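In what follows, a structure is listed as structure tokens, so that the remarks can point back to it.
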Amino acid sequence: MTNNDSVFNKIAQALLVDYTSVYYVNAVTNEYQWYSNDPNFQSLQIEQGGEDFFKNLIRDAQQVIYKDDIHIFVEDMKKENLIAHMKSGTMQNIEYRLMIDGKPVYHRLRLIRSVSENDDYFILGVINVDAEVRRRIESEKHEQERDIYNQIAASLAEHYDTLYYVDMENNNYFEFSSTDVYKKLHIRPVGADFFSESRKNLNRLIHPDDRERVMFLFSKDTIIKNLSEKNTYTLSYRLLVEGEVMHVRCSQIWAKDNRHIIICLENINNEVAIQNDLQETKKKSITYAQIAESLALNYDVIYYVDSSSGVYAEYTANSIYGKLEIQEKGNDFFADAKVNCDMVVHPEDKARVANTLQRDYLITALEAKKQHSIDYRLIIDGKTQYTRFTVMWASDKVHFIIGVENINDEVREENKRIQALNMANELARRDELTGTRNKNAYRELEASVQKNIDDGSSLCFAIVVCDINGLKHINDTLGHKAGDKYIQSACKMICKVFAHSPIFRVGGDEFVAFLNSSDYHEREELISVLRDKVMDNLTSKKGPVISVGMAVYEPDSDRRVSEIFDRADNMMYKEKKYLKALGAITR
């Protein structure tokens, strides 16, 4: 289908980590390839392809799609609709039912935006989103409350809009607290299947761009998996409330009994206060001690600090300080914090952290908002650890509640995501055979240069078009492996001559060099060097023979980059005729 099939095979294989199958569709020819995940070997398995994706889509829909959903593929999945979504940069999620063993099973089809606006393909991912098996509810009582943890529970829960207490054995749940905003959403406060209710509510309220990701993260199996490595998992997403976007942070926390989880939803648009709603939770059977201990697991350390005297107590869920000796209680939090800051905070972050850990600074910071956070680095046993410090008022408005949490995983996952995206982008712009940039990369360069021309920028550049002679003859007589080696040899020769310029393989036997800087100023000498090498190879019959043509950008007359390319291409064909007259095989 394309010169980069192997590259897209790798991209498809990466996508199959999240999708059960992936379709790669050529938007020009309508050809397509279907990839699926082989469950036995956990590897990429090419199932089938075809010449007309959209025609076959309608045909196959009549056979395997639930009758009430066939219209989706007949009407919505038209080529022009997908092209519009691709050009606008939006992602389309289409939910439908696939008939499996005579029963409808929900799946979701997602249009993944291509790497560049100039790409001529679609990538479509399919994922199974069928409902989890429902279980009957069963509740149990919790431990007796303790005075100090009551206040911590009240203070922490104040910063959430809604708390749900979910039995992970039978899926029973009840709403621990809720703000007026959430009550307007008409979400059931008590139910027999939290995960089924969540899917229905999220499908109704979630922002379309966040729906697929959040629906997956709210499944029972995913929550259990995410909480298997740590006690708390946090995600952020957007809801649509009366037409307005509300940004929400969700924290999923194991309760101390290892049977229940607490789902904490926080409006992070304006940190809505929920103290009044929290008081209603006293009527529930679960105690403040259970909530306090469970929410405390959101942090590695919690400090309870008297804002006037500095007297404090430390509550630790998991020690993040390694072998360092940090006091568990004291008479002056701010003095001890300064000492500890000098001991363990990264040198580049010390001044910022020391400034934050002052009584007056914290009081001022909390005047305009419910909580204040900073991210910084610790040096633990010689290694860097990313940490977040969050301070809020206790419900008595006298004490600070200060939480410290290890965010190494959060930082690491973000770095891995960026690295994976950069790698995928780089692969999509590289020619696998030669290692040079490919046609996609040339299109991006062409668009960038064209923008500079349109903006009236002062430019000096030349385009060199190189065509390998005799490649078809070698493929026909010696085989394609020999042809590949011939292409690689020709590429090395071109790259060696134009060592300071980007080289692009834009066709099977065609390369383009974009000359600027030193190569531009020495262009005539470099062209002569290349032509001399070609003549030597033609005489000795021991190296690649290349036809070359060059054109220079003329600001007074050139308006399109394509005009310069065409001139260089015409010069190349004139040279090809000249070499043919000298006995060169040009095909």
Side-chain angles (χ1 to χ4, degrees), residues 2-7 116 118 426-449 461-475 480-520 522-538 543-553 561-580 584-587:
T2 170
N3 292 329
N4 292 313
D5 275 349
S6 59
V7 174
S116 167
N118 295 315
E426 180 62 20
L427 281 174
R429 290 165 172 79
R430 285 286 172 184
D431 175 57
E432 186 173 9
L433 178 62
T434 63
T436 61
R437 296 170 174 85
N438 61 16
K439 190 173 182 179
N440 292 335
Y442 178 74
R443 286 174 174 170
E444 292 179 0
L445 173 70
E446 183 181 42
S448 176
V449 174
F461 68 89
I463 293 177
V464 178
V465 176
C466 301
D467 188 86
I468 305 173
N469 295 316
L471 179 60
K472 184 178 185 302
H473 176 73
I474 291 175
N475 286 335
H480 285 276
K481 286 187 177 180
D484 288 346
K485 290 182 179 179
Y486 191 66
I487 293 171
Q488 291 170 334
S489 178
C491 179
K492 289 179 181 178
M493 192 167 79
I494 295 168
C495 291
K496 185 175 181 180
V497 173
F498 303 110
H500 304 99
S501 300
I503 308 298
F504 306 84
R505 186 184 179 199
V506 297
D509 55 4
E510 189 173 29
F511 290 82
V512 172
F514 184 84
L515 308 187
N516 56 13
S517 189
S518 61
D519 279 2
Y520 171 78
E522 298 173 8
R523 59 189 180 278
E524 298 296 344
E525 292 90 338
L526 296 176
I527 289 292
S528 295
V529 169
L530 181 58
R531 284 174 172 157
D532 288 346
K533 181 62 177 174
V534 169
M535 295 306 297
D536 289 343
N537 292 345
L538 181 61
V545 176
I546 300 170
S547 300
V548 59
M550 180 177 68
V552 177
Y553 169 55
V561 177
S562 58
E563 298 172 5
I564 308 158
F565 178 93
D566 290 343
R567 288 204 308 273
D569 199 46
N570 290 334
M571 295 297 293
M572 180 273 292
Y573 276 107
K574 289 181 180 179
E575 183 155 310
K576 184 180 283 288
K577 291 180 180 179
Y578 170 70
L579 292 174
K580 184 176 181 180
I585 299 174
T586 57
R587 295 189 62 197

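It should be emphasised that the depicted structure is a prediction, and the values quoted were computed from it without experimental measurement.
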Practice task
Quick one: list whatever passes side chain to side chain contact (heavy atoms under 4.5 Å, CB included) with Tyr578, sequence neighbours left out.
Solution key: Leu582
Exercise for the section: Tell me, with the steps shown, if Met535 and Leu579 meet side chain to side chain contact (heavy atoms under 4.5 Å, CB included). Expected result: CA-CA 9 Å; Met535 295 306 297; Leu579 292 174; 4.1 Å; yes
Practice task
Kindly indicate whether the side chain of Lys580, heavy atoms from C-beta on, has any atom under 4.5 Å from the side chain of Asn469.
Solution key: no
Exercise for the section: Measure the acute angle between the ring planes of Phe504 and Tyr442, then classify it against the limits of 30° and 60° as parallel, tilted or perpendicular. Expected result: perpendicular
Fill in the blank from the handout: Val497 meets the side chain to side chain contact (heavy atoms under 4.5 Å, CB included) criterion, sequence neighbours left out, with Leu526, Val529, Leu530
Practice task
Look only at the side chain of Asp431 and the backbone of Arg505, and say whether a donor-acceptor pair between them is shorter than 3.5 Å.
Solution key: no
Practice task
Decide side chain to side chain contact (heavy atoms under 4.5 Å, CB included) for Glu446 and Ser562; before the verdict, give the C-alpha distance in whole Å, the side-chain angles of both, and the deciding distance to 0.1 Å.
Solution key: CA-CA 8 Å; Glu446 183 181 42; Ser562 58; 4.3 Å; yes
Problem - Test applied, side chain to side chain contact (heavy atoms under 4.5 Å, CB included); reference residue, Met550; option that passes from Glu524, Glu575, Met572 - result: Glu524
Problem - Arg437 and Leu445: CA distance, side-chain angles, deciding distance, side chain to side chain contact (heavy atoms under 4.5 Å, CB included) verdict - result: CA-CA 10 Å; Arg437 296 170 174 85; Leu445 173 70; over 6 Å; no
Problem - Where Ala490 and Ile468 come nearest, the two heavy atoms and their spacing - result: CB-CD1, 3.7 Å
Practice task
Show the numbers, then the answer: is there a side chain to side chain contact (heavy atoms under 4.5 Å, CB included) between Arg523 and Val464?
Solution key: CA-CA 9 Å; Arg523 59 189 180 278; Val464 178; over 6 Å; no
Exercise for the section: Go through the structure and list residues passing side chain to side chain contact (heavy atoms under 4.5 Å, CB included) with Asn475, not counting sequence neighbours. Expected result: Leu471, His480
Exercise for the section: Please find out if less than 6.0 Å separates the ring center of Phe461 from that of Tyr520. Expected result: no
Handout entry: By side chain to side chain contact (heavy atoms under 4.5 Å, CB included) - contacts of Ala499 (at least two apart)
Key = none
Problem - All salt bridge (Lys or Arg N to Asp or Glu O under 4.0 Å) counterparts of Lys576, not counting sequence neighbours - result: Asp467
May I have the list of side-chain donor-acceptor pairs in residues 510-517 shorter than 3.5 Å, sequence neighbours left out?
none

Exercise for the section: State, yes or no, whether a side-chain contact exists between Ile494 and Val548 at a heavy-atom distance under 4.5 Å. Expected result: no
